[in-house]
Protein chains: 2
Amino acid sequence: MSRQPDESRRSERARQAIHAATAELLASTSYDAITIEKIAAQAGVGKQTIYRWWPSKAAIIVDVWAEVIAPRAAFPDTGDLEADLRAQLTRMLDVLVEPVLGLNYMAVIADSQRDERLAADLSARIFAPRIADTKDRLRLAQAAGQMRDDVDVDTVADLLYGGIFFRSLFRLVPLDRTQPDALVAALIRGIGPLR
Amino acid sequence: MSRQPDESRRSERARQAIHAATAELLASTSYDAITIEKIAAQAGVGKQTIYRWWPSKAAIIVDVWAEVIAPRAAFPDTGDLEADLRAQLTRMLDVLVEPVLGLNYMAVIADSQRDERLAADLSARIFAPRIADTKDRLRLAQAAGQMRDDVDVDTVADLLYGGIFFRSLFRLVPLDRTQPDALVAALIRGIGPLR
DNA sequence: ACAACGAGACGGCCCGTCTCGTCTTGGCAT
DNA sequence: ATGCCAAGACGAGACGGGCCGTCTCGTTGT
């Protein structure tokens, strides 16, 4: 039943043209207005060539992002946990506040809510690596006595990233570049009364 | 330029039929498979009647939810901040873990990323009231000395709700009903070393 | 040679608008 | 109050349009 195309005969030229066309559209066009037909036209490629190698437009976008942003990740480790967390969240927020890109970013996440394959792809290639890095950094902090070791690193990751994404999701409050400072400070010191 | 229909002549029968049909579809059908044409057919209503009163299918859904869940909200206040936050987050998680409803819930949030009017509607009628309640409860806690008063309640709300939604969003880890306990405990006590 | 390629035709689904003819409603005259 | 009437909402569904995903075509490249 496998109808797999022959990977070894794949056209590198077409692949790059599709990536380039998608990147261009991503920077200039809203997610909804990006269609596979437009990508194909802009890349000078047949639609079938796209459908042969990708299951959806979002998968192409994830592919493009994975190639672009994978290298420039790397969680900072200056020895100062609070500063490092702040730096990492700020970096993430920088993407989200980008006018077109930030919205398209959220739109892909949105689409992943209805497409399980996309969700798996997006998690595995974009988020999981960063979150794994974050957890590694947190464990280092625990080992260095900068963080209690009776708290679960998964919980901390949820709080940190969730705190950042929550405002992007619901837009009750405009995004604010001082937000990471406040989030990290509250989380590290705790909100309970001073002991 | 206003092409507003006459609200006073609106058919209550049609409104209820549309609400009922939407509620039925929401419980049984994935968000993508819910179409305005299906709602109209199921309700025994002309498409135009829907388009006359709602801008999108998601708006109908928000309308239905607002009517159903508005009454049963009310933030708990037992005097114990930690228990109250835990209870509130658990309540929210209960909706998200619901198999069909939870997915449709996230799908509407997803759609709101591409539709500004929907985002405003969803925020105003579903989220903003709950978050406002949460902030009120937090301010009470501050006044009662159960919470530091040098932390911003907005930041705390972001951390709490973000922490819950984050796992639903990315599904890196399965949803877990013990999550609220861990989130609240970590946030109240802080993750920094004991002083 | 064979399979991927560019190009584009094709049927299908749903969109949002538009016409019908019918039914309901609120305002007005009696 | 009661009956009449015009306005407009109603159910039904036709319509053009956009994009989907599949399917031919020759053509190209390996």
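Reminder, nothing fancy here: chain letters follow the sequence lines and each chain counts from 1.
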Problem - Side-chain N,O (W54(B)) to OP1/OP2 (dG16(C)) below 4.0 Å - result: no
Exercise for the section: Check whether any side-chain nitrogen or oxygen of T49(B) sits under 4.0 Å from OP1 or OP2 of dG11(D), and answer yes or no. Expected result: yes
[X] side chain, from C-beta outward: closest of [options]:
X	options	answer
I36(B)	dC14(C), dC20(D), dG16(C)	dG16(C)
E37(A)	dA4(C), dT17(C), dG21(D)	dG21(D)
R9(A)	dA4(C), dG8(D), dC20(D)	dA4(C)
R52(A)	dA4(C), dA9(D), dT17(C)	dA4(C)
R10(B)	dA9(C), dT17(C), dC10(D)	dC10(D)
A14(B)	dC5(C), dC10(D), dC19(D)	dC10(D)

In Å and rounded to the nearest 0.5 Å, what is the [atom1] to [atom2] distance from [X] to [Y]?
X	Y	atom1	atom2	answer
R15(B)	R10(B)	CZ	CZ	6.5 Å
Q113(A)	Y31(B)	CD	OH	12.5 Å
I39(A)	H19(A)	CD1	NE2	10.0 Å
L81(B)	Q146(B)	CG	CD	5.5 Å

[X] [atom1] to [N] [atom2]: how many Å, rounded?
X	N	atom1	atom2	answer
D111(B)	dC14(C)	CG	P	16 Å
E12(B)	dT25(C)	CD	C1'	15 Å
E7(A)	dT30(D)	CD	P	15 Å
K38(B)	dG13(D)	NZ	P	18 Å
Y51(A)	dG6(C)	OH	C1'	16 Å
Q42(A)	dG6(C)	CD	C1'	16 Å
L25(A)	dC19(D)	CG	P	12 Å
I39(A)	dG21(D)	CD1	C1'	14 Å

Practice task
Return yes when atom CD of E12(A) has more than 12 non-hydrogen atoms of other residues, nucleotides or ligands closer than 6.0 Å, and no otherwise.
Solution key: yes
Exercise for the section: Confirm from the modelled atom types if K47(A) and dG6(C) form a donor-acceptor pair under 3.5 Å, side chain to base only. Expected result: no
Exercise for the section: Indicate whether any N or O donor in one side chain lies under 3.5 Å from an N or O acceptor in the other, for D32(A) and S30(A). Expected result: no
Exercise for the section: Could you pick out which residue, Q48(A) or Q48(B), lies toward the 5' side of DNA chain C when each is mapped onto its nearest nucleotide? Expected result: Q48(A)
Practice task
Look at all strands and tell whether S8(A) reaches a base, only sugar-phosphate, or nothing, counting heavy atoms closer than 4.0 Å.
Solution key: nothing
Practice task
Would you mind classifying the nucleic acid contact of R13(B) as base, sugar-phosphate or nothing, using non-hydrogen atoms under 4.0 angstrom?
Solution key: sugar-phosphate
Handout entry: Contact nearer the 5' end of DNA chain D, comparing I34(A) with G46(B)
Key = G46(B)
